[in-house]
Number of protein chains: 2
Amino acid sequence: MSIFSKLSFKDQAFKLRENAILDATTSILGSKGYDLMTMDDVANAVGISKPSLYKHFKSKEDLVGEALIRLIDGAIDFLAQLDDELPPFEKLKSLLEWALRVRLEGGMPFLPSTSNHVREMLMRNLKYITRVLKLNGQIEKLVLAAQKTGDLNPELPSDVILFSYYSRTCDPAVEYLQRFSKMDNEAIIQHMLQVALGGLTK
Amino acid sequence: MSIFSKLSFKDQAFKLRENAILDATTSILGSKGYDLMTMDDVANAVGISKPSLYKHFKSKEDLVGEALIRLIDGAIDFLAQLDDELPPFEKLKSLLEWALRVRLEGGMPFLPSTSNHVREMLMRNLKYITRVLKLNGQIEKLVLAAQKTGDLNPELPSDVILFSYYSRTCDPAVEYLQRFSKMDNEAIIQHMLQVALGGLTK
DNA sequence: AATTTCCGCTACTAATTAGTAGATATTATT
DNA sequence: AATAATATCTACTAATTAGTAGCGGAAATT
């Protein structure tokens, strides 16, 4: 038992540091983006050396992939925790609200849209693809259901709705409002939701 | 006159090549983005050497700045050529339609939103800033006017409308639809317009 | 206390790429 | 035709950065 608990303790510390690394990665990705984020940036932010960083993640691509997987998992967990009785449209609205809040606070990047290079890299990451497909399947179902009830426009092709929905989670208007308007985060979220769902004409 | 015409001819050739360089830059920026675009890429695409490229533009930042300035000027020209009698809302709609079409055809990047690095670089480019402010002033006026007529939601803060409007010109949903749906470019444009203005709920 | 094991670090390599020096070809001038 | 001027290229430099070799020191074991 003493050996076991020691190992377990070491593993725990290891896991803890891994999380710290992913936190730092998420934040740096949010501010500098993939191409400008260096492995030294991440190592320095965590307070370890680069070779130690490579003990946890075998490459930059791997590291970024894991950070994004954690993000997707967060979205999946959020959906799972919602009241099952909630109408599909309300679930979609909550999820978008959650995504906007996470982004305004921690700086979630949602990179796939940003650069072809990053997108292609992620397409080669099977673990990432698996999670994305899982989340996408759930969201797709919600979209179709919300179109059936008429909460979402049934005349729009559902992939138009789906892709537009994803786009709103990384809408650059959020950053511009945060930087140039005097609104607080909650006001930004509410306005973004209103525009995303109801449009600009009202 | 012979000296003059010769100089003028040389200048013309120079200008012609400069345009070819800017075309190549725009296209490469659209596909690879700023960080991954190399000066060798551009030189090769045009069929000249890198030092020749530097005869036209003194740095990568300068080159990209000029490419974006040409883009902004295109938007300003488009607005100027519109029928003055057109209601503000229709002008905004036309301009967005134009921007989406340019992007679907040539691959306009509208980078500012993409990366902090690029945005900061552009903020130091006075010539670029001047054009952007000119265009922004015109769009801002149109937004306010369209809110007054009620075509755009008068209850939304006008900067929310303004930033959301800009965001739609670089909405990643466009690329996803182009890649994964069977729609043609015109159908994509019409759906994007509908979603941008009327939202997802109808 | 002596020895082994393992962890993390400093200091490197290799590859990429913005930008340039200086050689070479081409055109204009006498 | 010979020379001057200009344009373009090949081949470099310097800086950055992903990824690694191998050393030094701490902890565990005897």
Side-chain angles (χ1 to χ4, degrees), chain A residues 1-18 20-21 24-25 28-29 31-67 111 115 117-118 120-122 124-125, chain B residues 1-18 20-21 24-25 28-29 31-67 111 115 117-118 120-122 124-125:
Chain A
M1 159 101 185
S2 89
I3 288 169
F4 180 73
S5 74
K6 260 172 198 163
L7 274 176
S8 157
F9 174 76
K10 232 200 289 190
D11 281 356
Q12 235 173 303
F14 194 82
K15 204 78 195 161
L16 222 68
R17 191 165 58 171
E18 197 149 297
I21 293 172
T25 303
I28 296 171
L29 277 178
S31 58
K32 313 179 83 167
Y34 179 81
D35 296 313
L36 265 61
M37 178 187 95
T38 73
M39 295 302 263
D40 285 299
D41 285 342
V42 177
N44 288 337
V46 180
I48 59 175
S49 70
K50 206 161 39 155
S52 300
L53 178 53
Y54 277 88
K55 281 278 189 301
H56 291 261
F57 302 95
K58 73 173 195 296
S59 68
K60 187 178 177 184
E61 299 201 351
D62 182 45
L63 171 60
V64 171
E66 291 298 327
L111 288 160
S115 113
H117 174 222
V118 175
E120 273 159 34
M121 164 189 110
L122 291 171
R124 293 191 304 269
N125 185 332
Chain B
M1 160 100 181
S2 91
I3 287 170
F4 182 73
S5 75
K6 261 172 201 165
L7 274 177
S8 159
F9 175 75
K10 232 196 308 193
D11 280 358
Q12 234 174 302
F14 194 82
K15 205 77 196 162
L16 221 68
R17 191 163 61 169
E18 196 148 298
I21 294 171
T25 303
I28 296 171
L29 277 179
S31 58
K32 313 178 80 166
Y34 179 81
D35 295 312
L36 265 61
M37 178 188 95
T38 73
M39 294 303 263
D40 285 299
D41 286 341
V42 177
N44 288 337
V46 180
I48 58 175
S49 71
K50 205 158 45 151
S52 299
L53 179 53
Y54 276 89
K55 282 278 187 299
H56 290 262
F57 302 96
K58 72 173 198 294
S59 68
K60 187 178 176 183
E61 299 203 351
D62 182 43
L63 171 60
V64 171
E66 292 297 328
L111 287 159
S115 116
H117 174 224
V118 176
E120 274 158 34
M121 165 189 109
L122 291 170
R124 293 191 303 269
N125 185 331

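So you know, we letter chains A, B, ... as the sequences are listed, proteins then strands, and number each from 1.
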### Query
For the pair made of CD in E18(B) and P in dT8(D), what is the distance, rounded to whole Å?
13 Å
Holding to side-chain contact (heavy atoms from CB on, under 4.5 Å), I want the full list of residues that pass it with [X], two or more places apart in sequence or in another chain.
X      : answer
A45(A) : A24(A), I28(A)
D62(B) : F57(B), K58(B), S59(B), E66(B)
K55(A) : none
Y54(A) : M39(A), K50(A)

### D35(B): partners by salt bridge (Lys or Arg N to Asp or Glu O under 4.0 Å), with sequence neighbours left out
none
### Summary
Its contact letters, B for base, S for sugar-phosphate only and - for none at protein heavy atoms under 4.0 Å, make nucleotides 8-20 of chain C read SBB------SBBB
